[in-house]
Amino acid sequence: MKTDYEPVIGLEVHCQVRTRSKMFCGCRTGFGESPNALTCPVCLGHPGVLPVPNREAIVRTIQTGLLLGCQIDEYCKFDRKNYFYPDMPKNYQISQYDMPLCRGGGVTLDRFSFPKDAQDSPEASARKRVHLTRIHLEEDVAKSTHFDTTSGIDFNRAGTPLMEIVTEADIASPEEAFAFLTALRLILVQAGVSDADMEKGQLRCDCNVSVRPRGQKAFGTKCEIKNMNSISGVRRALAYEIARQIEVVSAGGRITQETRRWDDDIGQTSTMRSKEEAHDYRYFPDPDLMPIRTTDGLLEEARARLIELPGARADRYTRDLGVTEYDASVLASDPHLARFFEAAASGASNPKGIANFLLNDLLSALASSEKALSECPVQPADLRELVGLIDAGRINSKQAKEVFREMFETGAAPAAIVRAKGLEQVSDTGAIEALARQVIGAHPGPVQDVRDGKASALNFLTGQVMKLSKGKANPKLASEIIARMIKGDPLVR
Ligand code: ADP
Ligand code: MG
Ligand code: ZN
């Protein structure tokens with residue numbers, strides 16, 4: 001019998017914390033400057049210099065921890081992680097070992113964080129929580145570039161504050177890894193703790209993956225795919241690596257623990273270095289840095305900056321406002337859009353209709369006029385009023401589009417436009433009955449078809465009434481009146 005294998009995945013995510021200056025010196029953080037322009041003796045790793053911790057980076061890391069439900073201990077400290085690397089001349093990295101800023105916590109995977117082609121899978125609607133082991137704060141290293149015969153090293157990035165977010169080995173597929181990173185990235189960006197721009201290397205990820213016979217408790221031997229810088233790349237790399245490992249163990253082979261690299265062009269992982277034994281980094285507390293007491297105002301400051309998580313916000317929109325799950329996730333994924341929607345929906349009787357109009361008509365009008373939401377000529381209250389006019393049956397949806405166009409061009413209020421254009425929909429039963437009688441008299445064939453139960457004939461007759469009313473009749477009312485007259489009115493027979 002063939003053994004069925006399942007993957008086990010754990011991620012180590014490195015995320016640049018958004019600060020003006022570096023982690024332990026006053027140098028500006030920046031991207032795209034000329035090499036080594038943003039440096040000083042501290043971030044160049046000269047001997048004898050003294051680090052001074054960046055308070056903002058610590059607060060933002062605690063803020064992230066609070067958002068993700070982590071435990072924040074009263075004390076934490078910085079340690080030296082010793083190794084030889086050309087991108088770190090002082091030969092140690094200031095990091096955190098046994099007393100990190102945050103422990104535990106997790107990220108709940110919502111359906112729309114999954115890749116599009118996997119959103120209908122049971123896995124996507126399971127609302128799984130991926131648990132975190134810890135979040136610690138450290139300094140980034142320099143960036144090496146390898147040319148034909150020489151290598152260059154740029155210290156602009158060296159010393160940039162870096163959060164390392166480590167997950168438990170909780171992730172069960174490449175799609176879940178994709179969803180985790182997507183959801184996490186959205187939270188980091190919305191909270192303002194990081195720009196998490198993957199193209200600028202502000203969010204990078206090491207993927208640890210192993211396979212085991214389905215049902216087995218113990219983990220298999222893992223490989224680590226280093227330095228992934230795109231979320232879709234993570235999915236592809238994991239899919240490849242899982243298949244590779246399953247092939248090896250199915251054939252009776254063994255996985256050797258090693259670090260691998262992913263080549264996105266050829267779609268393969270390959271050995272980078274093998275991990276003989278666990279590294280001994282000889283961690284010890286950095287003697288130049290005092291332990292941090294988080295209760296000294298840091299926690300308070302972080303708490304004051306908490307935001308509603310996008311997932312919680314989307315849930316609130318569906319639960320309390322009746323917005324569809326998809327619309328809610330789109331609205332909640334962009335704080336500006338969410339703010340606009342909430343302003344428009346406030347006190348409205350039909351938030352769902354407002355969400356719809358906002359996501360379809362308003363966004364496409366903005367897109368085609370190349371305007372940002374902040375430049376939107378239509379105010380939230382006006383959008384609410386417009387949807388209110390449709391719901392009250394005072395204008396039909398076709399007229400609403402015309403009114404909206406005018407609102408978008410002139411910024412005028414919808415009621416004023418309706419009045420000025422004489423657009424008001426006719427919902428006066430008497431007026432519509434008169435038109436219906438005229439139409440019924442003129443089209444005996446379709447009238448008979450309606451009696452025979454043909455729905456299309458009723459649509460035809462309704463269309464005729466709409467035409468006579470020059471589009472102003474309330475179509476729903478017109479259709480009801482025609483149906484009623486044909487069925488019950490003796491004058492029609
Ligand atoms: P290392 O010491 O090699 O860095 P850690 O125990 O610190 O390993 O774990 C690093 C990451 O690897 C974590 O995200 C963890 O969940 C994950 N991990 C650990 N063991 C396994 C395994 N057997 N298979 C998959 N992922 C694993
Ligand atoms: Mg590791
Ligand atoms: Zn510096």
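Using a 4.5 Å heavy-atom cutoff, the side chains of Asn82 and Asn91 are not in contact. Contact annotation: the side chain of Cys76 approaches that of Gln96 to within less than 4.5 Å [non-hydrogen atoms, C-beta and beyond]. Counting only heavy atoms from C-beta outward, the side chains of Ile171 and Val8 never approach each other to under 4.5 Å. At least one side-chain heavy atom of Arg273 sits under 4.5 Å from a side-chain heavy atom of Lys226. Looking at Leu38 and Thr29, their side chains never come closer than 4.5 Å, going by heavy atoms from C-beta outward. Side chains of Gln16 and Pro161 form no contact here, defined as non-hydrogen atoms less than 4.5 Å apart. A heavy-atom distance below 4.5 Å is found between the side chains of Cys40 and Cys27.
In terms of the ring-ring contact (aromatic ring centres under 6.0 Å, His included) criterion, residue partners of Tyr97 (sequence neighbours excluded) are, by chain and number, Tyr283. Residues passing the ring-ring contact (aromatic ring centres under 6.0 Å, His included) test with Phe341 are Tyr317, sequence neighbours excluded. Legend: residues meeting side-chain hydrogen bond (donor to acceptor under 3.5 Å, both in side chains) with Glu123, ordered by chain and number and at least two apart, are Ser173. Not counting sequence neighbours, the partners of Glu56 by the side-chain hydrogen bond (donor to acceptor under 3.5 Å, both in side chains) test are Arg60, Arg305. Residues meeting the side-chain hydrogen bond (donor to acceptor under 3.5 Å, both in side chains) test with Glu300, sequence neighbours left out: none. Listed by chain and number, the residues in a ring-ring contact (aromatic ring centres under 6.0 Å, His included) with Phe78 are Phe24 (sequence neighbours excluded). Under the rule for a ring-ring contact (aromatic ring centres under 6.0 Å, His included), Phe155 has no partner lying at least two apart in sequence or in another chain.
Within a 6.0 Å sphere centred on NZ of Lys352, heavy atoms belonging to other residues, nucleotides or ligands number 12 at most. The 12-atom threshold is not exceeded at NZ of Lys143, counting heavy atoms of other residues, nucleotides or ligands nearer than 6.0 Å. Within 6.0 Å of CZ on Arg20 lie no more than 12 heavy atoms contributed by other residues, nucleotides or ligands. Counting non-hydrogen atoms of other residues, nucleotides and ligands closer than 6.0 Å to CZ of Arg55 gives a total above 12.
Salt-bridge annotation for Asp288 and Arg80: present, with a side-chain N of the basic residue lying under 4.0 Å from a carboxylate O of the acidic one. The residues Asp98 and Lys77 are annotated as salt-bridged, a charged nitrogen and a carboxylate oxygen being separated by less than 4.0 angstrom.
Sequence neighbours left out, the pairs with a member in residues 238-251 that pass salt bridge (Lys or Arg N to Asp or Glu O under 4.0 Å) are Glu241-Arg244, Glu241-Arg260. Residue pairs meeting the salt bridge (Lys or Arg N to Asp or Glu O under 4.0 Å) criterion with at least one member in residues 171-193, sequence neighbours excluded, are Lys128-Glu176, Glu175-Arg235. Applying the ring pair (Phe, Tyr, Trp, His ring centres under 6.0 Å) definition to pairs two or more places apart or across chains, those involving residues 112-136 are Phe112-Tyr326. Sorted by first then second residue, the salt bridge (Lys or Arg N to Asp or Glu O under 4.0 Å) pairs that include residues 318-336, not counting sequence neighbours, are Arg111-Glu325.
At a cut-off of 3.5 Å, with distance as the only test, a side-chain donor of Glu12 or Asn208 sits close to an acceptor on the other residue. For the residue pair Asp73 / Gln71, a side-chain donor-acceptor distance below 3.5 Å is found, with atom types taken as modelled. Counted by atom type alone, Gln257 and Thr221 present zero donor-acceptor pairs between their side chains at under 3.5 Å. Between Glu258 and Ser274, the side chains place no donor N or O within less than 3.5 Å of an acceptor N or O (distance only, hydrogens not considered).
A cation-pi arrangement is not found for Lys401 relative to Phe404, the charged atom failing to lie both closer than 6.0 Å to the ring centre and inside a 45° cone about the ring normal.
In this structure, Asp154 contributes its side chain and Asn36 its backbone to a donor-acceptor pair below 3.5 Å. Not one N or O on the side chain of Lys222 forms a donor-acceptor pair closer than 3.5 Å with the backbone of Ile9.
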For residues 372-382, run the donor-acceptor check on the side chains, cut-off 3.5 Å, and write out each pair with its distance to 0.1 Å, sequence neighbours left out.
from	atom 1	to	atom 2	distance (Å)
Glu375	OE1	Ala372	N	2.6

When you look at Asp140 and Arg204, which way does the salt bridge (charged side-chain N to carboxylate O under 4.0 Å, His left out) test go after all the steps? CA-CA 11 Å; Asp140 206 349; Arg204 317 190 288 270; 3.0 Å; yes
Stepwise side-chain contact (heavy atoms from CB on, under 4.5 Å) check, Asp206 with Ile225: CA-CA 6 Å; Asp206 300 338; Ile225 312 167; over 6 Å; no
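In terms of heavy atoms, Ala328 sits closest to Thr318 at CB-CG2, 4.2 Å.
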